[in-house]
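Per chain, numbering begins at 1; letters A, B, ... match sequence-line order. For clarity, every value in this text was computed on a predicted model and none was experimentally measured.
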Protein chains: 2
Amino acid sequence: MSATLEEVARVAGVSITTASRVLTQNTHPVRAATRQRVLKAAAKLQYKPNLLARGMRTERTHTIGIIADDLLSPFTPPIIRGIQDYLKEIDYLGLIVNSDWDPDIEREAISTLLSRAVEGIIFVESGRLAPTQELVKSQKPYMFVHRLFGAPVQNSVVPDDYGGTRLVLEHLLALGHRRIGHIAGPQGWHSAQRRTDSYLDTLSQHGLEIDPALIVESDWEFEGGAVAMQQLLQVSPRPTAVFAANDMMALGAIETLRSTGLRVPEDIALTGYDNREISRSLAPRLTTVSLPTYQMGVTAAKLLWQKIQGTAHDVDEVQICGRLYIRESCGALPAQRTHDELDVATTVRHRLTGQQPEKR
Amino acid sequence: MSATLEEVARVAGVSITTASRVLTQNTHPVRAATRQRVLKAAAKLQYKPNLLARGMRTERTHTIGIIADDLLSPFTPPIIRGIQDYLKEIDYLGLIVNSDWDPDIEREAISTLLSRAVEGIIFVESGRLAPTQELVKSQKPYMFVHRLFGAPVQNSVVPDDYGGTRLVLEHLLALGHRRIGHIAGPQGWHSAQRRTDSYLDTLSQHGLEIDPALIVESDWEFEGGAVAMQQLLQVSPRPTAVFAANDMMALGAIETLRSTGLRVPEDIALTGYDNREISRSLAPRLTTVSLPTYQMGVTAAKLLWQKIQGTAHDVDEVQICGRLYIRESCGALPAQRTHDELDVATTVRHRLTGQQPEKR
DNA sequence: GTGAAAGCGCTAACAG
DNA sequence: CTGTTAGCGCTTTCAC
């Protein structure tokens with residue numbers, strides 16, 4: 001390992017205590033000259049405090065636990081990144097454990113983290129609605145981010161699906177659409193339900209009558225969206241726009257329209273939700289609302305930090321609204337960038353091992 | 001915190017030493033009856049060892065560091081998941097830090113991790129080719145996974161791009177294609193270069209002449225693939241199949257073909273690389289080769305573990321080959337599932353708050 | 001077989 | 001202002 005405090009103290013010709021006082025943000029007074037000697041010694045020896053030892057003494061390990069139910073979900077990594085970025089500012093690190101929607105594994109994970117004296121735990125996309133016995137007993141603070149099911153619970157940070165949906169629907173309404181279909185997510189999911197609720201309320205508030213035939217529940221997936229769209233096409237009069245509750249279903253819907261010979265957005269306008277990365281590439285590029293995953297992660301970390309410091313206690317559910325991304329699929333932007341534009345945007349050249357290709 | 005060894009010992013009526021001996025995989029002999037008493041006391045108090053204290057004594061923290069240059073890359077999460085799953089088996093945990101392609105941040109990250117007495121470090125998608133001074137000095141083992149640039153280096157686990165490319169090309173050859181275009185990745189990237197090398201070698205080995213005009217370098221992106229395909233379409237005679245060096249460019253190429261009125265795979269067969277999640281959804285579903293990210297993570301963790309234990313030292317670069325996924329875009333499968341099939345595959349039903357919709 | 005004691009590296013009283 | 005001392009919870013000699 002690297003140099004210890006003792007060595008630094010010896011080199012600086014002071015006691016361990018003094019060295020410690022200089023090398024921490026301790027308020028205890030130390031003479032300037034002494035301070036300098038210690039600092040110099042530390043620099044010379046490349047002293048790095050052993051955080052384990054410090055943590056043992058102070059009960060502050062500068063570590064929190066992150067329990068992810070599905071690390072491979074498209075939303076989990078940006079949430080974690082948000083958490084990490086906030087942690088970095090306060091000089092903390094996160095220990096990440098997977099729980100795979102299994103209560104036993106999760107219990108085990110909590111236990112493992114507690115054993116490592118984390119100062120708090122953040123659950124990412126947890127199916128759980130309440131902390132385990134052990135966690136409660138430990139008195140450690142915790143937060144849920146992007147809780148997928150159930151009613152509002154304290155200490156959780158979730159997307160404002162209701163508000164986000166209103167953003168995209170009012171955009172469609174502003175474009176003149178009056179007959180708007182809805183491919184809903186599975187209603188067992190919190191987000192799906194909120195988005196559908198908002199669809200119903202927003203249309204009603206704008207004086208439109210709800211046509212049950214224009215609402216089709218699907219399963220979040222591409223193929224589900226494709227099938228749902230087929231169903232919507234059989235309704236008459238046909239909707240002029242469709243709000244899909246997520247991007248994958250919107251893409252599936254586009255596929256159905258395409259194979260039916262209908263154009264997006266000219267024949268039917270389409271919008272999604274989530275702002276998945278692929279949505280801004282595929283043609284037509286999708287108008288959608290972002291899921292503010294990164295910001296949710298930051299917020300959860302910040303709230304956990306306040307709880308660790310004792311400046312906050314149980315907090316009510318926090319909702320964070322995404323942004324509306326207006327692209328081509330709703331008709332508000334030119335239908336498609338031209339290939340000329342693409343040519344400018346991208347550099348393409350030939351290659352064949354070593355030799356420069358001929359000009360064409 | 002939870003119960004300490006001392007309390008367990010007191011309850012069991014033995015010394016701390018004895019309790020410790022029972023509760024670790026210590027070989028020291030303990031009478032069966034005593035052992036039972038300790039075990040019972042531990043269970044009763046729900047004893048969980050303080051891993052910090054143990055780590056301080058043993059210099060084994062059961063923790064490794066993971067430095068990710070880009071957590072939001074599509075490949076990083078599955079690599080990390082592979083690492084974590086292996087770590088779980090050996091009862092280790094990973095401390096994840098981001099470095100964002102910045103050498104200073106990376107140096108800092110290494111320092112932070114060392115300060116926490118990690119037993120080794122895995123670099124994920126690192127741009128770096130060698131460990132820092134400090135890391136070398138620390139004597140801690142390390143591994144690189146999915147190193148993106150440069151020649152083979154020791155202690156790294158990378159995909160076998162050469163072999164993977166051969167898989168997909170031989171598939172196209174077996175389907176009878178003789179004029180195969182190639183949308184290459186940016187040749188500064190290791191993977192791109194290897195895939196192009198393999199393209200050249202495989203075609204040559206099968207007695208085909210390389211036509212430089214059929215090789216277009218692009219930028220890994222959707223739009224780049226679209227532009228590259230336009231370029232390939234101007235070559236005459238036209239290729240009957242195109243191997244894109246990644247899925248995104250393949251999707252872009254499909255878009256170009258579609259807007260040109262050409263069908264995939266009837267008019268031109270297309271294949272990608274990486275097996276991105278979206279490739280198995282969009283129509284036509286993409287034939288591609290997987291990047292064995294998960295397995296790479298597992299392998300890196302396993303090798304690191306061997307180095308930690310001292311049963312292995314510096315190891316030569318390990319290459320792991322992906323799998324060929326045959327789908328519709330190359331023409332080897334029926335062009336598209338029918339909508340009837342889709343109907344069966346997915347449950348779709350109406351919903352309107354509370355009320356069951358009418359049968360249609 | 002069992003236990004007393006030392007100590008990992010650090011911080012926090014408490015004296016001076 | 002500085003230093004001495006105790007001890008966080010655990011493992012590990014070394015005696016018995």
Side-chain angles (χ1 to χ4, degrees), chain A residues 1-39 41-42 45-63 91 111-112 114-119 138, chain B residues 1-39 41-42 45-63 91 111-112 114-119 138:
Chain A
M1 268 299 284
S2 90
T4 75
L5 236 204
E6 193 188 358
E7 304 179 57
V8 173
R10 184 150 28 81
V11 170
V14 298
S15 72
I16 294 185
T17 310
T18 303
S20 169
R21 290 207 258 254
V22 172
L23 266 13
T24 53
Q25 57 283 58
N26 194 312
T27 59
H28 201 99
V30 175
R31 196 164 9 128
T34 314
R35 175 178 300 274
Q36 286 314 314
R37 260 188 300 144
V38 172
L39 255 20
L45 297 177
Q46 298 202 59
Y47 171 73
K48 267 272 166 186
N50 179 326
L51 261 31
L52 296 195
R54 176 181 291 176
M56 217 170 118
R57 211 33 254 253
T58 59
E59 297 275 287
R60 301 297 295 268
T61 55
H62 279 229
T63 309
D91 211 30
S111 189
T112 300
L114 255 23
S115 191
R116 284 162 184 268
V118 296
E119 297 181 36
S138 76
Chain B
M1 268 300 285
S2 89
T4 75
L5 235 204
E6 193 189 359
E7 304 179 56
V8 173
R10 184 148 28 83
V11 170
V14 299
S15 73
I16 294 185
T17 310
T18 303
S20 169
R21 290 206 258 254
V22 173
L23 266 13
T24 53
Q25 56 283 57
N26 194 313
T27 58
H28 200 98
V30 175
R31 197 164 8 126
T34 314
R35 176 177 299 275
Q36 287 314 313
R37 260 189 299 144
V38 172
L39 254 21
L45 297 177
Q46 299 202 58
Y47 171 73
K48 268 272 166 187
N50 179 327
L51 261 32
L52 296 195
R54 175 181 289 176
M56 216 169 119
R57 219 22 259 253
T58 59
E59 298 275 287
R60 301 297 295 268
T61 54
H62 279 230
T63 308
D91 211 30
S111 187
T112 300
L114 255 23
S115 191
R116 285 163 184 267
V118 295
E119 296 181 37
S138 77

> On a plain distance test, is the side chain of B/Arg21 in donor-acceptor contact with the base of C/dG3 below 3.5 Å?
yes
> Specify the separation, in whole Å, of atom CG of B/Leu51 and atom C1' of D/dG9.
11 Å
> Quick check for you: among C/dT2, D/dG9, C/dT11, whose closest atom lies nearest to any side-chain atom of B/Asn50?
D/dG9
> For a quick test of reading the model: is some side-chain N or O of B/Thr18 closer than 4.0 Å to OP1 or OP2 of C/dG3?
yes
> Over how many whole Å does the gap from A/Lys48 atom NZ to C/dG9 atom C1' extend?
16 Å
> Just the rounded figure in Å: distance from C1' of C/dA12 to CG of A/Asn26.
9 Å
> Using atom CG of A/Leu23 as one end and atom P of C/dT11 as the other, report the distance to the nearest whole Å.
8 Å
> Which nucleotide, D/dT2, C/dT2, D/dC10, lies nearest any side-chain atom of A/Thr34?
D/dT2
> Considering non-hydrogen atoms only, spot the tightest contact between A/Val8 and A/Val38 and give its length.
CG1-O, 4.0 Å
> Nearest to the A/Arg57 side chain among C/dG7, C/dG3, D/dA6, which nucleotide is it?
D/dA6
> How long is the straight-line distance from CZ of B/Arg54 back to CZ of B/Arg60, given to the nearest 0.5 Å?
11.5 Å
> Can you tell me how far the CG atom of A/Leu114 sits from the CG atom of B/Leu51, to the nearest 0.5 Å?
11.5 Å
> Heavy atoms only: give me the nearest A/Arg21-A/Val30 pair and the separation to one decimal.
CB-CG2, 4.1 Å
> Ignoring hydrogens and geometry beyond distance, is the side chain of B/His28 in donor-acceptor contact with the base of C/dT2 at under 3.5 Å?
yes
> Heavy atoms only, 4.0 Å cut-off, all strands: where does B/Ile16 land among base, sugar-phosphate and nothing?
base
> Is the phosphate of C/dG1 approached by B/Arg31 (side-chain N or O, under 4.0 Å from OP1 or OP2)?
no
> Pick the nucleotide of DNA chain D nearest each of B/Thr17 and B/Met56; which residue has the one closer to the 5' end?
B/Met56
> Please give, in whole Å, the distance from D/dG9 P to A/Arg54 CZ?
19 Å
> Looking at A/Thr4, I'd like to know whether one of its side-chain N or O atoms comes within less than 4.0 Å of OP1 or OP2 on C/dG9.
no
> Using 0.5 Å steps for rounding, measure from the CZ atom of B/Arg57 to the CG atom of B/Leu52.
15.5 Å
> Determine whether a donor-acceptor pair (one donor, one acceptor, N or O, separation below 3.5 Å) exists between the side chain of A/Thr58 and the base of C/dA12.
no
> Ignoring hydrogens and geometry beyond distance, is the side chain of B/Arg35 in donor-acceptor contact with the base of C/dG1 at under 3.5 Å?
no
> Quick one: B/Glu59 CD to D/dG9 P, roughly how many Å, whole number?
20 Å
> When you measure from the side chain of B/Thr24, which nucleotide among C/dG3, C/dC10, D/dT11 comes out closest?
D/dT11
> Show your reasoning for whether side-chain hydrogen bond (donor to acceptor under 3.5 Å, both in side chains) applies to A/Thr112 and A/Ser115.
CA-CA 5 Å; A/Thr112 300; A/Ser115 191; over 6 Å; no
> Check the distance between C/dC10's P and A/His62's NE2 and give it to me in whole angstrom.
15 Å
> Atom CD of A/Glu6 and atom P of D/dT4: how far apart are they, to the nearest Å?
12 Å
